[in-house]
Amino acid sequence: MRKVAQGSLSAPLGVLVLAALIALLFAVSIGSASLSVAQLWAVAQGQGELLASTLVWELRLPRALSAFAVGGLLAVAGALMQVLLRNPLADPYVLGLSGGASIGALAAMLVGLGGFLVSGAAFVGALFSTLLVFGLAHGRGGWSPARLLLTGVVVASGWGAVITLMLAMSPAERLPGMLYWLMGDLSYARTPWPPLLLLLAVCLLLVPLGRSLNVLARGAPQAAALGVNVRPLEWGIYILASLLTAAAVTTAGSIGFVGLVVPHMLRLLLGNDQRLILPACALAGGTLLVLADTLARTMIAPEQLPVGVITALLGVPTFLFLLHRSR
């Protein structure tokens, strides 16, 4: 039985790994100057032309890997929030985590900070937004999906107003870059390794907790009755989802709906075993954002669209569909 279970887990992940590799290959080959498979193979061997090598190693591959990391981080954060709330509409963007992280990052940028200080400010903003949403939504009977959803939407709208105020008070020369970043921009993502390493570490951490997360998805009372230490696990999910969202926001700005669409679609296809869903979300979320970013930079080339526009076009209809089903 154990071998069957392991096979049932590894087969979908193998398909997703293959899809991720194909998406990355597609991303590095498509652009203003398309590269053939032979040219890519020559570049991989260190024998390619200078232009092709520059396009692959300095421009397209770092951007594609950054998109993969951001998509995976957002999808895993969304899956964790949906397990915690037992609500398929939960998502870092919808619940205001992305807005809080954006405010923290923008505030750090405006005062001249950079590097890890921006990431730290984004994490503080995301964590504060998480605590605010759950604190406001917690009534006498605890949380309810409708109350959490409405509170998250209101808080996200409030963050949007604060961001607008910050933009209105910002120097005029900084506005174009800040606006583009807020819509989701990977054009300046040149260091993919920190978010990629974070994504790998989180997956390695969460897979052993898959059984506990499966029980928690059925409800906190049932999980406590079956021996799960519920409160530390819930707080761990809060903090981890905030960290993942902050890392994604500092890498690519505010990108919505990846954490909503990917976990829900995977549950429809693969079931609700978190040992499979969480690593599958990392792979599928990364693949989705790589393809979305490739589309964003080639749709109206040589101009580029913010990748957040593409994910919103996918996510808004999905959100409305899920909202209609949960009515």
Notebook entry, point to check: Is Val162 reachable from Val154 through a run of hydrophobic residues whose side-chain heavy atoms are each under 4.5 Å from the next?
Noted result: no
Check: For Cys281 and Ala79, which heavy atoms make the closest approach, and how far apart are they?
Finding: SG-CB, 3.8 Å
Notebook entry, point to check: What closest approach, in Å, do Thr245 and Ala77 show between heavy atoms, and which atom pair accounts for it?
Noted result: OG1-CB, 4.0 Å
Margin query: Tell me the closest heavy-atom pair linking Trp159 and Leu132, and the distance in Å.
Written below: CZ2-CD2, 4.0 Å
Next item on the list: May I have the step-by-step check of side-chain contact (heavy atoms from CB on, under 4.5 Å) for Leu198 and Leu243, ending in yes or no?
Entry: CA-CA 9 Å; Leu198 176 61; Leu243 176 62; 4.1 Å; yes
Note to self: For Pro195, run the side-chain contact (heavy atoms from CB on, under 4.5 Å) check against Thr250, Leu73, Leu200 and tell me which one passes.
What the structure shows: Leu73
Note to self: I'd like to know if Val307 and Val309 are part of one continuous hydrophobic network [Ile/Leu/Val/Met/Phe/Trp/Tyr, side-chain heavy atoms within less than 4.5 Å].
What the structure shows: no
Check: Under the side-chain contact (heavy atoms from CB on, under 4.5 Å) criterion, do Val83 and Ile277 qualify, and how do the steps go?
Finding: CA-CA 11 Å; Val83 168; Ile277 290 297; over 6 Å; no
Note to self: When you measure from the side chain of Gln82 to the backbone of Gly259, do you find a donor-acceptor pair of N or O atoms at a distance under 3.5 Å?
What the structure shows: yes
Check: Atom CG in Leu25, atom CG in Leu40: separation rounded to 0.5 Å?
Finding: 6.0 Å
Check: Ile163 versus Leu106: any side-chain heavy-atom pair under 4.5 Å?
Finding: yes
Margin query: Given 3.5 Å as the limit, does a donor-acceptor pair link the side chain of Asn214 with the main chain of Gln274, or not?
Written below: yes
Margin query: Would you say that Val215 contacts Arg218 through its side chain, given a criterion of any heavy-atom pair below 4.5 Å between the two side chains?
Written below: no
Check: Side chains of Ile237 and Leu216: closer than 4.5 Å at any heavy-atom pair?
Finding: yes
Item checked: Any donor-acceptor N/O pair, Arg297 side chain to Ile30 backbone, under 3.5 Å -> yes
Next item on the list: Find out if a path of hydrophobic residues (ILVMFWY) with successive side-chain heavy-atom gaps under 4.5 Å connects Trp193 to Val76.
Entry: yes
Item checked: Approximate separation, where rounding is to 0.5 Å, of Arg63 CZ and Leu61 CG -> 13.0 Å
Note to self: Exactly one of Leu199, Leu74, Leu80, Val249 should register a side-chain contact (heavy atoms from CB on, under 4.5 Å) with Leu244. Which one does?
What the structure shows: Leu80
Item checked: Leu131 versus Trp235, closest heavy-atom pair with distance -> CD2-CZ3, 3.4 Å
Margin query: Let's go through Leu110 and Met169 carefully: what are the C-alpha distance in whole Å and the side-chain angles of both, what is the deciding distance for side-chain contact (heavy atoms from CB on, under 4.5 Å) to 0.1 Å, and is it a yes or a no?
Written below: CA-CA 10 Å; Leu110 286 175; Met169 299 175 62; over 6 Å; no
Check: Do Val37 and Ser29 pass the side-chain contact (heavy atoms from CB on, under 4.5 Å) test, and can you show the C-alpha distance, the side-chain angles, and the key distance before you say yes or no?
Finding: CA-CA 8 Å; Val37 175; Ser29 62; over 6 Å; no
Checklist line | Heavy-atom side-chain proximity of Leu283 to Leu13 below 4.5 angstrom | finding: yes
Next item on the list: Report whether Val56 and Trp41 are members of the same hydrophobic cluster (ILVMFWY, side-chain heavy atoms less than 4.5 Å apart, transitive linking).
Entry: no
Item checked: Any donor-acceptor pair under 3.5 Å from Ser254 side chain to Ser98 backbone -> no
Check: Between Thr287 and Phe68, is any pair of side-chain heavy atoms under 4.5 Å apart?
Finding: yes
Note to self: Let me confirm one number: the CG-CG distance from Leu136 to Leu150, rounded to the nearest 0.5 Å.
What the structure shows: 12.5 Å
Notebook entry, point to check: So among Val230, Leu206, Leu233, which one has a side-chain contact (heavy atoms from CB on, under 4.5 Å) with Ser212?
Noted result: Leu233
Checklist line | Euclidean distance, Leu240 CG relative to Leu84 CG, rounded to 0.5 Å | finding: 11.5 Å
Margin query: So, taking the atom named CG in Leu295 and the one named CD in Gln304, what distance separates them when rounded to the nearest 0.5 Å?
Written below: 12.0 Å
Next item on the list: Measure the spacing between CE of Met299 and CD1 of Ile310 and express it to the nearest 0.5 Å.
Entry: 4.0 Å
Margin query: Using every non-hydrogen atom in the two residues, find where Ser129 and Gly100 come nearest and quote the distance to one decimal.
Written below: CB-CA, 4.1 Å
Next item on the list: Please examine the side chains of Cys203 and Leu278, heavy atoms only from C-beta on, and report whether any two atoms are closer than 4.5 Å.
Entry: no
Notebook entry, point to check: If every non-hydrogen atom of Leu314 is compared with every non-hydrogen atom of Pro317, which pair is closest and at what distance?
Noted result: O-CD, 3.6 Å
Next item on the list: Please answer: with hydrophobic residues joined when any side-chain heavy atoms are less than 4.5 Å apart, are Val15 and Leu291 in the same cluster?
Entry: no
Note to self: Using side-chain heavy atoms (C-beta onward) and a distance below 4.5 Å, is Trp57 in contact with Val43?
What the structure shows: yes
Check: Can you list every salt bridge (Lys or Arg N to Asp or Glu O under 4.0 Å) pair that touches residues 43-61, not counting sequence neighbours?
Finding: none
Item checked: Side-chain heavy-atom pair Phe257, Leu313 within 4.5 angstrom cut-off -> no
